[in-house]
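Heads up, the thing below is written out as C-alpha cells.
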Amino acid sequence: MTRGRRLRRAFYARSPLELAPDLLNKVLVADGCAGRVVEVEAYCGSDDPGSHAYRGSTPRTEVMFGQAGHLYVYFSYGMHWCANVVAEQPGTAGAVLLRAVTPIQGIELIRSRRPTAKRPRDLCSGPAKLTQALGIDGSHDGADLVSAEQGLTIVDDGTPPPHRPGRSPRIGLTQGADRPWRWFVEGSDDLSR
DNA sequence: CCGCCGATCTTT
DNA sequence: AAGATCGGCGGG
C-alpha cells in the first residue's frame with residue numbers, strides 16, 4: 001500500500017492559486033493504484049472566464065462551490081472524465097484540475113485500463129488519461145478526499161513540492177488563456193502534450 | 001516530432 | 001455551437 005499522511009481539510013481550504021503548486025508531488029490514491037501529481041491547473045470563480053464556475057453555480061458545478069477537499073468530476077468532449085480538487089471556503093468557487101500523474105502503484109491495473117497507451121508516458125499524461133487510468137468517473141463527483149469514504153484520497157509521502165515548479169498559461173482554453181495558472185514538475189516524463 | 005481532424009454529448 | 005480531450009493518421 002501507499003504510505004503517507006492524508007491531507008487535512010485546512011490544506012485544501014484556501015485559494016486554488018496557493019493550493020495548486022502545493023499539490024505537486026503529492027500522491028493521488030485510488031482503489032488499487034496511485035500516482036504522483038506532476039501537473040495541475042488552478043480555476044477560480046466569478047473573476048475567471050476560463051472556469052466552469054464563471055457564471056455562477058449550476059447543477060454541474062455546484063461541487064465547486066462546496067466544501068474544500070472534495071472532488072469535482074466533469075464529463076468532457078462527450079467522452080472523457082476530468083477531476084478537480086475543490087478549494088476555498090464553502091460558497092466561494094475554486095478548484096485545481098489534476099492534469100498529469102506518474103504511476104507509482106498498481107501499474108498492471110493502470111495498463112489494463114489504458115489499452116491505447118503505447119509507451120509508459122502515455123498512461124497518465126493528461127487530465128482524462130489519468131482518470132481512466134485510476135478508475136475515476138462521474139460516480140466520484142463530490143467524493144470527499146479527506147474522509148476517503150469512496151476510496152479516493154491524496155497523501156503526502158514526504159516528497160516536498162518542487163522548490164521552483166515550472167509554470168505556464170493553462171492548456172486548451174480560449175477564455176482566460178492568458179493567466180499563468182498551470183504548474184508542473186520540471187523535467188517529468190509524464191507531462192501532458 | 002508535429003499538425004490536423006473526427007469522435008461524442010453536455011451545456012449554453 | 002463550443003468545449004479544462006484523446007488518439008489515429010499523414011507528412012517532414
Side-chain angles (χ1 to χ4, degrees), chain A residues 12 15-21 23-24 28 30 35 37-66 68 70-88 92-103 110-143 145 152 154 165-185 187-193:
Chain A
Y12 299 107
S15 162
L17 301 181
E18 295 175 23
L19 174 60
L23 282 172
L24 292 177
L28 175 62
V37 177
V38 295
E39 180 182 337
V40 295
E41 285 176 355
Y43 288 88
C44 299
S46 56
D47 56 337
D48 179 6
S51 172
H52 289 169
Y54 184 51
R55 294 171 198 285
S57 181
T58 66
R60 176 175 68 153
T61 62
E62 63 177 343
V63 172
M64 264 188 90
F65 290 79
H70 289 245
L71 206 60
Y72 164 49
V73 182
Y74 71 93
F75 195 47
S76 177
Y77 288 94
M79 62 192 95
H80 304 299
W81 297 102
C82 295
N84 299 251
V85 176
V86 174
E88 291 286 8
T92 301
V96 176
L97 173 67
L98 301 172
R99 284 198 59 91
V101 306
T102 297
I110 287 173
R111 282 216 307 246
S112 72
R113 287 177 173 143
R114 294 275 308 132
T116 58
K118 295 186 176 63
R119 305 158 297 174
R121 66 207 259 192
D122 299 326
L123 291 172
C124 298
S125 56
K129 295 178 190 175
L130 76 88
T131 57
Q132 188 179 20
L134 301 186
I136 297 169
D137 61 25
S139 71
H140 300 101
D141 187 34
L145 301 170
L152 290 176
I154 297 180
R167 195 170 174 182
S168 82
R170 294 173 294 183
I171 292 176
L173 301 195
T174 53
Q175 306 289 320
D178 51 315
R179 307 186 187 197
W181 291 350
R182 170 178 176 252
W183 287 266
F184 54 94
V185 176
S188 169
D189 288 331
D190 299 291
L191 301 178
S192 65
R193 16 192 259 162

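Predicted model, so just to flag it, every value in this text is computed and none were measured. To find a chain, count down the sequence lines: A is the first, B the second, and so on, and within it residues start at 1. Scope of the values below: all heavy atoms of this structure, side chains included, with no hydrogens, waters or symmetry mates.
- Of the N and O atoms on the side chains of A:E39 and A:S192, at least one donor lies less than 3.5 Å from an acceptor on the other residue.
- Counting any heavy atom pair closer than 4.0 Å across all strands shown, A:R55 reaches no nucleic acid atom.
- Residue A:R167 places its CZ atom among more than 12 non-hydrogen atoms of other residues, nucleotides or ligands, all under 6.0 Å distant.
- Rounded to the nearest 0.5 angstrom, A:L152 CG and A:L134 CG are separated by 8.5 Å.
- No side-chain heavy atom of A:Q132 sits under 4.5 Å from any side-chain heavy atom of A:L130.
- Classified by interplanar angle (parallel below 30°, tilted 30° to 60°, perpendicular above 60°), the ring pair A:F75/A:W81 is tilted.
- Considering only heavy atoms from C-beta on, A:R182 stays 4.5 Å or farther from A:L173 through its side chain.
- Without hydrogens or angle criteria, A:D141 side chain to A:G138 main chain gives no donor-acceptor distance under 3.5 Å.
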Worked check of side-chain contact (heavy atoms from CB on, under 4.5 Å) between A:L17 and A:W183: CA-CA 10 Å; A:L17 301 181; A:W183 287 266; 4.2 Å; yes
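- Looking only at side-chain heavy atoms (C-beta outward), A:Y72 and A:T61 come within less than 4.5 Å of each other.
- Under the 4.5 Å side-chain criterion, counting only non-hydrogen atoms from C-beta, A:E41 is not in contact with A:F184.
- With a heavy-atom cut-off of 4.0 Å to chain A, the contacted part of DNA chain C has its first and last nucleotide at C:dG3 to C:dG8.
- Here the C1' atom of nucleotide B:dC1 and the NZ atom of A:K118 are 15 Å apart, to the nearest Å.
- Nucleotide C:dA4 forms a pair with no other nucleotide shown, judged by Watson-Crick or G-U wobble geometry with both contacts under 3.5 Å.
- Residue A:R182 is classed as having no contact, given no heavy-atom separation below 4.0 Å to the nucleic acid.
- Within 4.0 Å (heavy atoms only), A:G172 reaches sugar-phosphate atoms of the nucleic acid but no base atom.
- Across all strands shown, A:S192 has no heavy atoms under 4.0 Å from either base or sugar-phosphate atoms.
- Listed by residue number, the members of residues 119-135 of chain A with any heavy atom below 4.0 angstrom from DNA chain C are A:G126, A:P127, A:A128, A:K129.
- Using a 4.5 Å heavy-atom cutoff, the side chains of A:V40 and A:R99 are not in contact.
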Between the protein and nucleotides 6-9 of chain B, which nitrogen or oxygen pairs come in under 3.5 angstrom?
residue	atom	partner	partner atom	Å
B:dT8	O3'	A:G78	O	3.4
B:dT8	O2	A:Y77	O	2.4

